[in-house]
Amino acid sequence: MKRTNTCNELTSADAGKEVSLIGWVQSVRDHGGILFVDLRDRDGITQAVFHPESKAVYEKAQRLKDESVIQVFGKVVLREEGTNNSALKTGEIEVNCSDMTIHNICDVLPFPLEDERADKVNEDLRLQYRYLDLRRPRNINLLRTRHKAASSIREYLNSKEFIEVETPILFKSTPEGAREFLVPSRTNAGMFYALNQSPQQYKQMLMVSGIERYYQMAKCFRDEDLRADRQPEFTQIDIELSFIDREDMYALIENMLKKVWKDVLNVDISTPFLRMHYEEAMNRFGVDKPDMRFDMELVDLTDVFKNSQFKVFASIANGGGVIKAVNAKGLSDITQGELKALEDTAKTLGAKGLAFIKAENGAWKSPILKFLSEDEQKALREKLSIEDGDIVFFAATKWEQACAILGRVRLDCAKLLQARGKLDIPANLFKFLWVIEFPLMLFDEEQGRYVSAHHPFTAPVPEDAQYLDSEPLRVRGQHYDIVLNGTELGGGSIRIHQPELQEKVFKDVLKIPADVVQSRFGYMLRAFKYGAPPHGGIALGFDRLVTILTGRPSIRDIIAFPKTQKGQDLMAQSPSAVTEKQLKDLHIALDMPQE
Ligand code: ASP
């Protein structure tokens, strides 16, 4: 069945050759009794021609339907004067077919496969026929780009003497992180594995084993509610090294990303990346993963309102809270609907409302204007550079919450400004930065205890470790996040490798009961007593990285067989019911909710 060429190879230099091509029928056109078939494989398109004089093959060709699979045999000829197609690499020639094998006649397609029309087709239908949707050249190329990025990463890490090691997917349940997928063990009745959320503990054990430099394109699983950029299973570029500090890690990852951007996009990104402290990122952008492709920074106004007659703001400013604002420049033409949507989003983040001031035709309009003194108005005008055409939004509450609310308002306003053509974010602008100096612990109000900002294996900054007992919130972690265009590409940390310190973090700071520490992490604490090297690592979300590299709107576009937001594979129809016998073997009885 061998072909002589792909469908993207033949040029005028091949005229006269006898060739054979295999591919899919992209289209059949009848021009005055002659049939023209655009034959497509994953590389490109070649025009195959069937003349009525070659009767047998011509009659066969009349049966062809779009997307059928055929092999053609024939001679390469130059196209007639004036019929060259400069859009195709093979546009100067066509193959004059003398014979053809039909491998498969395609049924009526469930949707058209040309990009423009297919893109408008309901995504569920496309996911049900994912193999057809993937067959579109653009989508095959997305997988090709994904492959290129993975190859580039592997080349880089291999050149730096890393060893790729596979770690188990069947791990054990460690419920303090994200929700896990459980897998019942038939051979250990009543016991469960958990699919690994990340190879975190295994990769640390590999460091104790003396591997020194590990990486893995690791499949990870988290049973979380799915948002646009999440999948229940995803791929991480998982890395761990011994004998390094944070600076080594920054250089390693910067150079890796530099190579990937060069190899995949032929874009030179400049290094070193900007570094920003967590607190500064929150204060200026309202998030720990700032999108720095545009300004619109948050401004702190707490001092302005300390002595204000505006009691709501004054009491928050004096009661340990903050007053912050953001000026969405040029967005005073915001519609009622858009304003309402912004307010609704702010409310989901705990805001009671969303105070604003609009500057239009030389005057300010605002429900809170009557509460603001001349001096306060002046201070606002200066600090926020308010001009005609602007709209300013306020948040007055606890620091984290005020940051979160305005951080979100900032992003939503940027989208509104983009839609109006008032903010231009070029597609090839890549703003990388490291966010560093995170607190080691956060206080979880709901649970009434400290929780790890990253994970419990992160080492404290050495000079802060003394405050672990007295003031845990003052302790900074040796944790770093790599951020690109407002997306957290990845994160990691220098780890704790001293068993005493690790045990202290589990028991005294995180208040995990001793027996739970023992059953969950006992093996790790033991391992650290047998010559554990200092080590650290990072994991980068590979799917997210490829989504950004390809400029696609959804992570599903760059995954061969993605799941829907309900976690379903619509093509294979999973998850699915299982038989009584299977459940019985696993000692599982179903207790379904009443309809
Ligand atoms: N395992 C961590 C994660 O998945 C990353 C790391 O610390 O290496 O987020």
Side-chain angles (χ1 to χ4, degrees), residues 153 157 162-169 171-181 194-208 211-224 229-246 248-250 252-253 256-257 278 288-289 434-442 451-461 476-484 487-497 502 505 510 520-521 524 528 532-545 555:
I153 288 162
L157 293 171
F162 280 76
I163 300 176
E164 184 167 14
V165 183
E166 287 166 89
T167 54
I169 280 172
F171 184 43
K172 78 167 177 179
S173 174
T174 53
E176 49 281 306
R179 190 189 291 270
E180 308 159 316
F181 287 99
L195 298 186
N196 82 314
Q197 296 184 35
S198 86
Q200 183 62 36
Q201 296 180 37
Y202 284 118
K203 68 176 172 173
Q204 289 194 246
M205 289 304 102
L206 287 173
M207 294 303 106
V208 183
I211 290 288
E212 292 195 27
R213 290 177 165 231
Y214 143 92
Y215 82 94
Q216 178 178 198
M217 297 301 261
K219 263 289 170 97
C220 304
F221 306 84
R222 296 185 192 167
D223 188 8
E224 292 176 311
D229 62 345
R230 291 248 178 99
Q231 281 280 304
E233 55 180 301
F234 55 96
T235 307
Q236 278 189 350
I237 311 160
D238 198 42
I239 294 177
E240 197 80 8
L241 302 86
S242 295
F243 318 125
I244 52 140
D245 59 20
R246 283 176 283 177
D248 299 317
M249 184 58 82
Y250 302 151
L252 178 84
I253 299 303
M256 181 178 91
L257 293 172
Y278 163 78
D288 59 3
K289 44 179 180 183
W434 290 101
V435 178
I436 56 175
E437 302 285 313
F438 282 84
L440 185 67
M441 300 289 159
L442 301 170
V451 293
S452 303
H454 185 47
H455 53 50
F457 314 113
T458 300
V461 168
R476 289 162 299 163
Q478 295 197 54
H479 164 191
Y480 30 76
D481 273 354
I482 175 87
V483 173
L484 168 57
T487 297
E488 183 193 320
L489 264 193
S493 58
I494 301 298
R495 326 294 187 190
I496 298 171
H497 68 284
Q502 185 66 76
V505 167
L510 295 172
R520 250 171 236 162
F521 305 112
M524 240 183 149
F528 285 172
H535 60 285
I538 194 166
L540 285 86
F542 183 58
D543 308 283
R544 282 185 192 174
L545 187 135
I555 199 170

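Note that ligands are numbered from 1 as they come in the structure, with each ligand's atoms numbered from 1 the same way. Starting from 1, each residue takes its place in the sequence as its number.
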Contact summary for Q197 and C220, nearest pair of heavy atoms:
O-CB, 3.2 Å
Distance-minimising heavy-atom pair for A453 and P439
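A453 and P439 have their closest heavy atoms at CB-O, 3.1 Å.
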Residues two or more places apart in sequence or in another chain: which of them pass salt bridge (Lys or Arg N to Asp or Glu O under 4.0 Å) with R213?
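Here no residue qualifies.
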Point-to-point distance, once rounded to the nearest 0.5 Å, from CD of Q216 to CD1 of I163:
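Here the interatomic distance stands at 13.0 Å.
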When the ring planes of F438 and H479 are compared, do they come out parallel, tilted or perpendicular, using 30° and 60° as the limits?
parallel
Please check if the number of heavy atoms outside E164 that lie under 6.0 Å from its CD is greater than 12.
yes
Which pairs of nitrogen or oxygen atoms, taken one from ligand 1 and one from the protein, are under 3.5 angstrom apart?
from, atom 1, to, atom 2, distance (Å)
ligand 1, 1 (N), S198, OG, 3.1
ligand 1, 1 (N), Q200, OE1, 2.6
ligand 1, 4 (O), R222, NH2, 3.2
ligand 1, 4 (O), Q236, NE2, 3.1
ligand 1, 7 (O), Q200, OE1, 3.3
ligand 1, 7 (O), H454, NE2, 2.9
ligand 1, 7 (O), H455, NE2, 2.9
ligand 1, 7 (O), R495, NH1, 2.8
ligand 1, 7 (O), R495, NH2, 3.3
ligand 1, 8 (O), Q200, OE1, 3.4
ligand 1, 8 (O), K203, NZ, 2.7
ligand 1, 8 (O), R495, NH2, 2.7

